[in-house]
Protein chains: 2
Amino acid sequence: MSLPHAILTALLEKPSSGLELTRRFDKSIGYFWSATHQQIYRELGKLEGEGLIRTLPAQQPARGQKKSYEVLPAGRAELARWTAAPQDPRALRDPLLLRLRAAAVVGTAGLADDLRRHLELHRRQLAEYRQIEQRDFPPDRDAPEDRLRHLVLRAGIDLETFWTRWLTDALAEFAGPPDAD
Amino acid sequence: MSLPHAILTALLEKPSSGLELTRRFDKSIGYFWSATHQQIYRELGKLEGEGLIRTLPAQQPARGQKKSYEVLPAGRAELARWTAAPQDPRALRDPLLLRLRAAAVVGTAGLADDLRRHLELHRRQLAEYRQIEQRDFPPDRDAPEDRLRHLVLRAGIDLETFWTRWLTDALAEFAGPPDAD
DNA sequence: AGCGGTTGTGCAACTAGTTGCATAAAGCGT
DNA sequence: ACGCTTTATGCAACTAGTTGCACAACCGCT
């Protein structure tokens with residue numbers, strides 16, 4: 001139930017066409033709620049049908065022609081409602097942890113390489129987040145709503161930090177003590 | 001593509017019926033890969049059809065009667081293959097972060113209560129993990145495959161620690177500076 | 001003018017996961 | 001022997017997300 005609200009948020013930040021949204025979902029909002037262009041186009045149609053958004057006037061185009069959307073008052077209200085509504089925290093669900101658990105049963109052969117690759121990817125993501133932090137959230141001025149966005153970015157940074165540390169530990173476990181038996 | 005492998009891992013650790021698996025998925029493996037009994041029954045049928053598991057002999061029961069499964073050599077091989085195969089890290093996807101981002105646009109009214117609730121839930125989960133750690137992984141002896149399982153549990157502990165800290169920060173953000181405008 | 005890449009929108013079919021319900025057997029109290 | 005609860009398996013229908021492809025318009029090149 002999150003995708004429509006992700007789109008509403010993105011559209012409130014700036015009215016956009018489907019493709020523009022898709023691009024923006026490749027960064028920013030997409031960092032913690034990714035979506036394909038397919039999902040986005042479908043959801044835009046649905047939201048329009050529900051009267052939460054509308055195409056910017058001065059256009060009624062067909063295929064292959066740009067179509068920009070903006071949020072209607074009903075859409076903003078729905079987003080506010082959703083934001084305030086209680087929701088259960090999402091359960092942790094990670095295939096990598098599952099793989100480690102499986103490796104405890106069938107052995108760790110061939111795993112270390114992929115862990116190293118993951119480590120590298122998480123390091124890169126972390127570096128990207130830090131760069132965004134420096135660019136968008138300089139230490140001094142901090143508008144009230146920027147503080148919230150900064151908080152979200154900090155979550156991303158801390159999570160990537162966790163993964164790099166954890167993967168480093170895991171690899172040490174593999175390389176370090178191959179004795180013990 | 002993870003559920004079948006989660007089931008294979010669980011069955012290798014101990015042959016079980018569908019219901020027993022469901023219960024075990026409410027803890028242990030389910031802590032990082034949850035599944036409903038529906039998914040499990042369906043997947044068991046599929047895995048049996050593919051010759052990766054079989055019902056324990058001495059039973060050919062119907063509805064309402066227990067049916068236990070064990071992993072066949074082909075199943076173990078498939079699990080080993082999957083464990084060693086490279087996989088991309090799963091993208092972060094969390095509705096709570098989305099909500100904070102939405103709140104930056106439509107306001108934080110009504111949010112703090114639910115954040116407090118989340119904080120409490122994460123604290124509880126953390127306490128539960130720590131208890132399991134004490135029970136199952138005493139500081140001295142550590143069998144080779146227990147080290148891997150311990151590593152996975154540490155990931156859970158660190159992630160819950162992250163969430164409790166982050167939620168505490170977020171709440172401080174709400175309560176602390178209601179000035180600024 | 002015509003070809004080829006890029007931009008932009010979208011359908012169809014699939015996989016994964018969830019929810020609600022049906023059904024059967026076994027244990028237990030009376 | 002009867003009904004009630006618990007244990008156990010499963011079907012059907014749904015929502016969410018992914019993948020592969022089609023198609024139209026536009027832009028630039030030659």
Side-chain angles (χ1 to χ4, degrees), chain A residues 1-8 10-11 15-26 29-50 53-56 59-69 82 87-95 98, chain B residues 1-8 10-11 15-26 29-50 53-56 59-69 82 87-95 98:
Chain A
M1 305 276 10
S2 294
L3 179 60
H5 303 97
I7 290 179
L8 288 172
L11 284 182
S16 311
S17 69
L19 193 64
E20 281 160 4
L21 277 178
T22 304
R23 292 207 219 285
R24 289 171 58 197
F25 268 72
D26 285 343
I29 287 195
Y31 285 140
F32 47 85
W33 200 273
S34 58
T36 63
H37 74 121
Q38 259 321 312
Q39 281 178 280
I40 289 170
Y41 280 118
R42 233 185 315 172
E43 202 62 45
L44 283 171
K46 228 165 134 195
L47 289 169
E48 192 180 18
E50 293 165 354
I53 62 175
R54 67 162 175 189
T55 60
L56 283 182
Q59 342 172 260
Q60 199 70 336
R63 282 209 149 188
Q65 243 148 247
K66 218 161 142 176
K67 204 159 75 174
S68 281
Y69 295 90
W82 177 81
Q87 259 185 257
D88 281 336
R90 129 160 319 209
L92 172 58
R93 208 165 223 224
D94 195 295
L98 202 55
Chain B
M1 303 275 12
S2 294
L3 179 60
H5 303 97
I7 291 179
L8 287 172
L11 284 181
S16 310
S17 69
L19 194 65
E20 280 159 5
L21 278 178
T22 304
R23 291 207 219 285
R24 289 171 58 199
F25 268 73
D26 285 341
I29 287 195
Y31 285 139
F32 45 88
W33 201 271
S34 59
T36 63
H37 74 120
Q38 260 319 313
Q39 280 178 279
I40 289 170
Y41 281 118
R42 233 184 315 171
E43 202 62 44
L44 282 171
K46 226 164 137 196
L47 289 170
E48 192 181 17
E50 293 166 353
I53 62 175
R54 67 164 175 189
T55 59
L56 283 182
Q59 342 172 262
Q60 200 70 336
R63 281 207 151 191
Q65 242 149 250
K66 216 162 143 176
K67 203 158 75 173
S68 281
Y69 294 90
W82 178 80
Q87 259 185 257
D88 281 336
R90 132 161 316 212
L92 172 57
R93 209 166 223 224
D94 194 295
L98 203 54

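Values reported hereafter were calculated over all heavy atoms of this structure, with side chains retained and with hydrogens, waters and symmetry mates removed. Chain A is the first sequence line, chain B the second, and so forth, proteins listed ahead of strands; every chain is numbered from 1.
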Between D/dG10, C/dT9, D/dA16, which one does the side chain of B/Tyr69 approach most closely?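 My answer, after comparing the listed nucleotides, is D/dG10.
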Closest to side chain of B/Lys66, choosing from D/dA8, C/dT18, C/dA13: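 Comparing D/dA8, C/dT18, C/dA13 against the side chain of B/Lys66, the answer is D/dA8.
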Atom [atom1] of [X] and atom [atom2] of [N]: how far apart are they, to the nearest Å?
{"X": "A/His5", "N": "D/dA16", "atom1": "NE2", "atom2": "C1'", "result": "14 Å"}
{"X": "A/Glu43", "N": "C/dG10", "atom1": "CD", "atom2": "P", "result": "14 Å"}
{"X": "A/Met1", "N": "D/dC14", "atom1": "CE", "atom2": "P", "result": "16 Å"}
{"X": "A/Phe25", "N": "D/dT18", "atom1": "CZ", "atom2": "C1'", "result": "16 Å"}
{"X": "B/Asp88", "N": "D/dT18", "atom1": "CG", "atom2": "C1'", "result": "14 Å"}
{"X": "A/Leu3", "N": "D/dG17", "atom1": "CG", "atom2": "C1'", "result": "9 Å"}

Does B/Glu20 or A/Lys46 map to a spot on DNA chain D nearer the 5' end, using the closest nucleotide for each?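 It is B/Glu20, whose closest nucleotide lies nearer the 5' terminus.
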Pick the nucleotide of DNA chain D nearest each of B/Arg42 and B/Leu19; which residue has the one closer to the 5' end?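 Counting from the 5' end, the first nearest nucleotide belongs to B/Leu19.
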Looking across every strand, which nucleic acid part, if any, lies under 4.0 Å from B/Thr22 by heavy atom: base, sugar-phosphate, or nothing?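 No contact at all - B/Thr22 keeps every heavy atom at 4.0 Å or more from the nucleic acid.
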[X] side chain to [Y] main-chain N or O, any donor-acceptor pair under 3.5 Å?
{"X": "A/Arg54", "Y": "A/Tyr69", "result": "no"}
{"X": "A/Gln39", "Y": "A/Thr36", "result": "yes"}
{"X": "B/Glu20", "Y": "B/Ser17", "result": "yes"}

Minimal non-hydrogen separation, [X] against [Y], with atom names:
{"X": "B/Leu44", "Y": "B/Gly18", "value": "CD1-CA, 3.7 Å"}
{"X": "B/Trp82", "Y": "A/Pro95", "value": "CH2-O, 4.0 Å"}
{"X": "A/Ser16", "Y": "A/Leu11", "value": "N-CD2, 3.5 Å"}

Report yes if at least one side-chain N or O of [X] is closer than 4.0 Å to OP1 or OP2 of [N]; otherwise report no.
{"X": "B/Gln39", "N": "C/dT18", "result": "yes"}
{"X": "A/Lys67", "N": "C/dG10", "result": "yes"}
{"X": "A/Arg93", "N": "C/dG17", "result": "yes"}
{"X": "A/Tyr41", "N": "C/dT9", "result": "yes"}

Are any non-hydrogen side-chain atoms of A/Arg90 and B/Arg93 less than 4.5 angstrom apart?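 They are in contact (side-chain heavy atoms under 4.5 Å apart), so the answer is yes.
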Close residues, residues 29-37 of chain A, relative to DNA chain D [heavy-atom separation under 4.0 Å]: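 The answer is A/Trp33, A/Thr36.
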Ignoring hydrogens and angles, answer whether the base of C/dT6 and the side-chain atoms of A/Arg23 contain a donor-acceptor pair closer than 3.5 Å.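 No.
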